[in-house]
Amino acid sequence: MIAVLRGKIIQKSPTHTVVDVNGVGYEVLTSLQTYEVLPELQQEVLFFVQTIVREDAISLYGFASADEKKLFVLLITVSGIGPKLALTVLGGFDTAALQSAIAGRDMARLTSVPGVGKKTAERICMELADKVGALEGLAASPMGTAGVKAGVQAAPQVDAASALMNLGYTEQQVWQVLRAIEKEQDMAAGTVEDWLRQALRLLAAR
């Protein structure tokens, strides 16, 4: 699974970007929020990526911040919300505003997004209000506010998180452990394997 993608932008539009990574062009689907902070063509960019595999396609969804990716992952768990609508929702708010709208069950703001009706907004609030509240603690973490350039340093942590979730741990479990490691140890030069080793040790002890 691709969790992070870094390369030069060779094409971009409000819906997708093509990134050249060592001569291979990857099409990355994006929200309007991410599009608005992208650098110019031929400049380097780093995306936090969610890979979605289906029978007829492998699609990469890219985000300028780890928080936006987490919200995307939560949104697509809601019945009736697919990746396309999730990107539309993300494009209508910055991450803090969307978290606030969901946690506060602000139906008026959510239904202002094209394609989100009353029933869909109700499902979002019912299924995600508590989960979004748990994400608010990430704002204190470098991962929570990382921009495109700052995210380069956080790539091992993101890759480790993706690997742990693939092993069956919940997102909340994973990020609680990774934040604990970050507070307790100097992991500035840590590799993905270092993060995984420490995280698995803590998870096994819980």
Side-chain angles (χ1 to χ4, degrees), residues 1-99 101-102 109-117 120-121 124 128 132 135 138 143-159 161-163 165-166 171:
M1 175 184 289
I2 297 175
V4 175
L5 195 66
R6 181 171 61 185
K8 289 185 178 180
I9 297 177
I10 56 176
Q11 292 180 23
K12 67 174 181 176
S13 77
T15 58
H16 69 277
T17 300
V18 179
V19 182
D20 182 346
V21 182
N22 297 323
V24 179
Y26 292 88
E27 182 180 65
V28 181
L29 304 174
T30 59
S31 72
L32 187 58
Q33 287 292 330
T34 286
Y35 170 73
E36 290 178 346
V37 299
L38 289 177
E40 298 301 317
L41 294 178
Q42 300 303 319
Q43 298 298 308
E44 186 174 87
V45 66
L46 181 140
F47 284 116
F48 294 91
V49 173
Q50 179 67 23
T51 305
I52 295 182
V53 180
R54 292 181 172 170
E55 290 183 3
D56 58 344
I58 299 176
S59 300
L60 304 179
Y61 294 84
F63 308 94
S65 72
D67 276 356
E68 190 182 18
K69 175 183 173 179
K70 295 176 196 312
L71 285 170
F72 174 81
V73 171
L74 286 178
L75 284 167
I76 61 177
T77 66
V78 176
S79 175
I81 296 186
K84 184 176 180 180
L85 182 54
L87 289 183
T88 301
V89 174
L90 290 167
F93 308 90
D94 61 35
T95 54
L98 180 55
Q99 286 180 336
I102 296 173
R109 296 186 72 184
L110 291 172
T111 54
S112 70
V113 176
V116 177
T120 300
I124 292 173
L128 301 185
V132 165
L135 291 180
L138 294 178
M143 287 301 302
T145 56
V148 175
K149 293 182 180 178
V152 173
Q153 297 179 345
Q157 191 177 6
V158 176
D159 283 343
S162 179
M165 284 184 276
N166 285 339
E171 187 171 17

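Residue numbers run from 1 in the order of the sequence given. Side chains included, hydrogens not; waters and symmetry mates left out as well; all remaining heavy atoms used.
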inquiry  = Main chain of Gly117, side chain of Thr111: is a donor-acceptor contact present, judged purely on distance under 3.5 Å?
reply    = no
ask   = Under a 4.5 Å cut-off applied to non-hydrogen side-chain atoms, are Tyr26 and Val18 in contact?
value = no
query = Given the rule in the side-chain contact (heavy atoms from CB on, under 4.5 Å) test, do Leu128 and Thr77 qualify, once you have shown the distances and angles that lead to the verdict?
reply = CA-CA 9 Å; Leu128 301 185; Thr77 66; 4.0 Å; yes
key: Spacing of Leu71 atom CG and Ile102 atom CD1 [to the nearest 0.5 Å]   = 6.0 Å
inquiry  = Looking at every heavy atom in both Leu29 and Ser59, which two are closest together, and how far apart are they?
reply    = CD1-CB, 4.4 Å
query = So do Glu40 and Ile9 actually touch side chain to side chain, heavy atoms under 4.5 Å?
reply = no
query = Any side-chain heavy atom of Leu98 sitting closer than 4.5 Å to one from Leu75?
reply = yes
request  = Report the distance from atom NZ of Lys84 to atom CD1 of Ile76, rounding to the nearest 0.5 Å.
outcome  = 15.5 Å
query = So which heavy atom on Gln42 is nearest to which on Ile10, and how close?
reply = NE2-CG2, 3.9 Å
query = How far apart are the C-alpha atoms of Leu60 and Ile2, what are their side-chain angles, what is the distance that settles it, and do they pass the side-chain contact (heavy atoms from CB on, under 4.5 Å) test?
reply = CA-CA 8 Å; Leu60 304 179; Ile2 297 175; 4.1 Å; yes
inquiry  = If I take atom CG from residue Asp20 and atom CG from residue Leu41, how far apart are they, to the nearest 0.5 angstrom?
reply    = 12.0 Å
message = Give me the atom names and distance for the closest heavy-atom approach of Thr30 to Gly62.
response = CG2-O, 3.7 Å
key: Straight-line distance of Leu85 CG to Thr120 OG1, nearest 0.5 Å   = 7.0 Å
inquiry  = Here's a test for you: under side-chain contact (heavy atoms from CB on, under 4.5 Å), which of Val28, Thr34, Val19 qualifies with Val45?
reply    = Val19
Closest heavy-atom pair and its distance - Val73, Gln50 = CG2-OE1, 3.4 Å
message = Can you tell me which residue among Lys70, Gln33, Lys69, Glu68 is in a side-chain contact (heavy atoms from CB on, under 4.5 Å) with Thr95?
response = Glu68
task = Identify the two heavy atoms, one from Ala121 and one from Leu110, that lie closest to each other, and give their separation to 0.1 Å.
result = CB-CB, 4.0 Å
request  = Give a yes or no on whether the backbone of Pro39 and the side-chain of Lys12 come within a donor-acceptor separation of less than 3.5 Å.
outcome  = yes
inquiry  = Would you compute the distance between atom OH of Tyr61 and atom OG of Ser31 and round it to the nearest 0.5 angstrom?
reply    = 12.5 Å
query = Given side chains that start at C-beta, do those of Gln43 and Lys8 come closer than 4.5 Å, heavy atoms only?
reply = no
query = Is it true that the side chains of Thr17 and Gln11 contain a donor and an acceptor less than 3.5 Å apart?
reply = no
request  = Indicate the atoms forming the closest heavy-atom contact of Pro83 with Arg54, along with that distance.
outcome  = CD-NH2, 3.4 Å
inquiry  = Within the structure provided, determine whether Val49 and Val4 are in side-chain contact (heavy-atom separation under 4.5 Å).
reply    = no
inquiry  = Could you check, using the six-membered ring where one of them is a Trp, whether Phe47 and Phe63 have ring centers closer than 6.0 angstrom?
reply    = no
